[in-house]
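A quick write-up on the structure given underneath.
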There are 2 protein chains.
Amino acid sequence: MAELRAVGPPPRRTHTIGEVINLLRPEFPDISVSKVRFLESRGLIQPGRSSSGYRVFTDEDVQRIQYVITEQRDHYLPLKVIKSKLSAWDKGKESPVVPDSGPPPEAYFASSGVSLSTREILRSSGLSEELLDALEREGIIDPVELPDGTPVYTDSDLQIARAAHRLLNRGLEPRHLRGIRLAADRQTDLLGQLVAPLLRHRNPDNQRRSSEILADTSEASAIIQETLVRSRLRKLLEH
Amino acid sequence: MAELRAVGPPPRRTHTIGEVINLLRPEFPDISVSKVRFLESRGLIQPGRSSSGYRVFTDEDVQRIQYVITEQRDHYLPLKVIKSKLSAWDKGKESPVVPDSGPPPEAYFASSGVSLSTREILRSSGLSEELLDALEREGIIDPVELPDGTPVYTDSDLQIARAAHRLLNRGLEPRHLRGIRLAADRQTDLLGQLVAPLLRHRNPDNQRRSSEILADTSEASAIIQETLVRSRLRKLLEH
DNA sequence: GAAAACCCTCAAGCTCCGGTTGAACGTCGC
DNA sequence: GCGACGTTCAACCGGAGCTTGAGGGTTTTC
């Protein structure tokens, strides 16, 4: 082969599949060629191809594989879940070769339309009535009220209720969650400003662009925040 | 049957297997009689038996089941792992010898150990030098410095850099990201307090518990915040 | 006191996940 | 031109996590 690379970015090192295995073998003894090919078939990695059809792995591809198998080993995550974590991470880089959108941007904000009664959300979340009340007072959960005053909860509320339950179980109290709500409020404001001009003149196209922008930016800011928190907590643990 | 319970602690309520299912069904719609029996066969629960051979579940047994399926749902843990967590919990304080070498203790905070140079992170993130600088000034990214002053970036930094790039592309400016950093700081503090007592007396067990608590709570609070933001943005779009 | 509803065990079966194996064939480097 | 390495594709496999069904006992209800 003669992949001429006259001019261009730094001469990136690439590897064949066998080399990749040898690189990873020390850390992950049960890696195998077929496993790597399997991961590709499942869409977790997309190595390039040489003109003759051989897989060509960049260092980044190798890191990706490494990420996948550590998640498997350390957190027992199913490949599906790892894939979705990866694809959030991906969106950062890939962008030049995406002429039109794959997934509809609005899907990000789609709601299931499920609605729950107070009893149902209590049962489904495992929260007590008092705690649910407290969460509502903190603005963490806020159901819509029907004309007659009975509250109706969405599945977002349920998700929040469950996650809140986990926090409360660990010793946090409802008032501690206020900070989370405030952070969410501030983020909403920030991102909202980004699309405010568009929403001033509402039309289908602006609507579509707005939801695309919001989907993208809210995901990105969530990634930043979570990564920051995690790395700070890691330092805390390491002392 | 006449399980006489002459004197004793509170008159414990007990349940048959069918009652247990009905109790749990709302929160876990895919629970089933056979599943509970299966869990017993795998040694995760040990309900008592009536004189006629029926399983008899105490409230504690029910909680145990609840714990098991929550771990499955929220953390995708295999039953084997849940079992070992349970038996550690069982022994109360006693859990000295983790018999198997298998799962490394809570590696949620594991880092890949990859480190990048300034050139590499610029190339991999697509950021310009000025923007990277700006992000560092805002504390969004902060590399360790080697004795000679050259910065070293981790893969967390890369992830953040990429996500930040997405935000900047959408028209945000570095200073806008300060809010995200502050939110992350506050969350770190909050969660850090939760484990502060444990970390005061460092020993392997406290260390392990701390990382478990932090992994769980940081995930849960991220879920709450993201769900909140998303549902607020949805409302914004709907007008 | 009988029917209905509920419970039991045990073996077999089933789906999905995460790969492995093998056959048939192309390519690279010496 | 040979051996090491790469490719595809279909078939197979072992384990996890249940489900189903047969055959039979118990408790509740009318």
Side-chain angles (χ1 to χ4, degrees), chain A residues 1-3 14-25 28-57 61-62 64-65 67-86, chain B residues 1-3 14-25 28-57 61-62 65 67-86 100 102-103:
Chain A
M1 75 175 193
E3 302 265 307
T14 63
H15 317 269
T16 67
I17 198 168
E19 288 164 356
V20 170
I21 299 309
N22 290 330
L23 280 170
L24 295 174
R25 179 89 65 195
F28 310 92
D30 53 348
I31 189 71
S32 73
V33 173
S34 64
K35 192 161 175 169
V36 172
R37 289 204 266 244
F38 176 73
L39 292 181
E40 188 193 17
S41 80
R42 282 286 201 273
L44 302 211
I45 52 174
Q46 291 117 323
R49 296 296 179 125
S50 75
S51 50
S52 58
Y54 280 26
R55 286 173 182 81
V56 174
F57 296 82
D61 289 323
V62 177
R64 238 180 128 83
I65 297 174
Y67 174 76
V68 171
I69 46 194
T70 31
E71 285 297 285
Q72 276 196 299
R73 189 189 57 187
D74 296 347
H75 305 307
Y76 311 94
L77 293 187
L79 292 183
K80 276 184 190 173
V81 176
I82 299 177
K83 185 179 176 185
S84 72
K85 292 182 93 171
L86 274 173
Chain B
M1 74 175 195
E3 303 264 308
T14 63
H15 317 269
T16 68
I17 198 167
E19 289 164 356
V20 171
I21 298 311
N22 290 329
L23 243 42
L24 295 173
R25 178 92 65 193
F28 310 93
D30 52 348
I31 189 73
S32 72
V33 173
S34 62
K35 193 162 173 169
V36 172
R37 291 203 266 243
F38 176 73
L39 292 181
E40 187 193 18
S41 81
R42 282 287 199 274
L44 303 216
I45 51 174
Q46 291 117 310
R49 295 294 177 127
S50 75
S51 50
S52 57
Y54 280 27
R55 287 174 181 79
V56 174
F57 296 82
D61 289 322
V62 176
I65 297 173
Y67 174 77
V68 171
I69 46 195
T70 315
E71 287 297 286
Q72 278 194 300
R73 188 189 60 189
D74 292 350
H75 301 302
Y76 310 93
L77 294 187
L79 293 183
K80 275 184 189 174
V81 176
I82 299 176
K83 184 179 177 184
S84 75
K85 290 183 92 170
L86 271 175
D100 60 313

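The structure displayed is predicted, hence computed values, not measured ones. Order of the sequence lines fixes the chain letters, A, B, ..., with proteins taken first and strands second; residue numbering starts at 1 for each chain.
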Taking the side chain as everything from C-beta on, heavy atoms only, tell me whether B:Phe38 gets closer than 4.5 Å to B:Leu79.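 The answer is yes; the side chains approach within 4.5 Å.
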Would you indicate whether the side-chain heavy atoms of A:Tyr67 and A:Ile82 approach each other to under 4.5 Å?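 Contact flag for A:Ile82/A:Tyr67 side chains = yes.
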Is any side-chain nitrogen or oxygen of [X] closer than 4.0 Å to OP1 or OP2 of [N]?
{"X": "A:Ser52", "N": "C:dC28", "answer": "yes"}
{"X": "A:Arg42", "N": "C:dC16", "answer": "no"}
{"X": "A:Arg55", "N": "D:dG6", "answer": "no"}
{"X": "A:Ser34", "N": "C:dG19", "answer": "no"}
{"X": "A:Arg49", "N": "D:dT8", "answer": "yes"}

Without decimals, in angstroms, what is the distance between [X] [atom1] and [N] [atom2]?
{"X": "A:Asn22", "N": "D:dG6", "atom1": "CG", "atom2": "C1'", "value": "14 Å"}
{"X": "B:Ile31", "N": "D:dG17", "atom1": "CD1", "atom2": "P", "value": "14 Å"}
{"X": "B:Glu40", "N": "C:dC7", "atom1": "CD", "atom2": "C1'", "value": "13 Å"}
{"X": "A:Phe38", "N": "C:dG22", "atom1": "CZ", "atom2": "P", "value": "18 Å"}
{"X": "A:Asp30", "N": "D:dG14", "atom1": "CG", "atom2": "C1'", "value": "15 Å"}
{"X": "A:Ile17", "N": "D:dC5", "atom1": "CD1", "atom2": "P", "value": "13 Å"}
{"X": "B:Glu19", "N": "C:dA5", "atom1": "CD", "atom2": "P", "value": "17 Å"}
{"X": "A:Ile21", "N": "C:dT20", "atom1": "CD1", "atom2": "P", "value": "10 Å"}

Between A:Arg37 and B:Ser32, which residue's closest nucleotide on DNA chain D lies nearer the 5′ terminus?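 Looking at DNA chain D, the more 5' nearest nucleotide goes with A:Arg37.
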Want to settle it: does A:Pro78 or B:Thr16 sit nearer the 5' end of DNA chain C, counting the closest nucleotide to each?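 Result of the comparison: B:Thr16.
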5' priority, DNA chain C, between A:Val33 and A:Tyr54 [closest heavy atom]: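 Upstream on the strand: A:Val33.
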Identify the residue among A:Lys35, A:Arg49, A:Lys83 that makes a salt bridge (charged side-chain N to carboxylate O under 4.0 Å, His left out) with A:Glu40.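 The salt bridge (charged side-chain N to carboxylate O under 4.0 Å, His left out) with A:Glu40 is passed solely by A:Arg49 among A:Lys35, A:Arg49, A:Lys83.
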From D:dC5, D:dA16, C:dT20, nucleotide with atom closest to A:Lys35 side chain: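 Of D:dC5, D:dA16, C:dT20, C:dT20 is nearest to the side chain of A:Lys35.
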Indicate, with a heavy-atom threshold strictly under 4.0 Å, whether B:Gln72 touches base, sugar-phosphate, or nothing.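 If one applies the 4.0 Å heavy-atom cut-off, B:Gln72 turns out to touch the sugar-phosphate alone, with no base involved.
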Has B:Glu19 got a side-chain atom pairing as donor or acceptor with B:Thr16's backbone, closer than 3.5 angstrom?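 Such a contact is found between B:Glu19 side chain and B:Thr16 backbone.
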For the CD1 atom of B:Ile65 and the CD1 atom of B:Ile21, what is their distance to the nearest 0.5 Å?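 That separation rounds to 7.0 Å.
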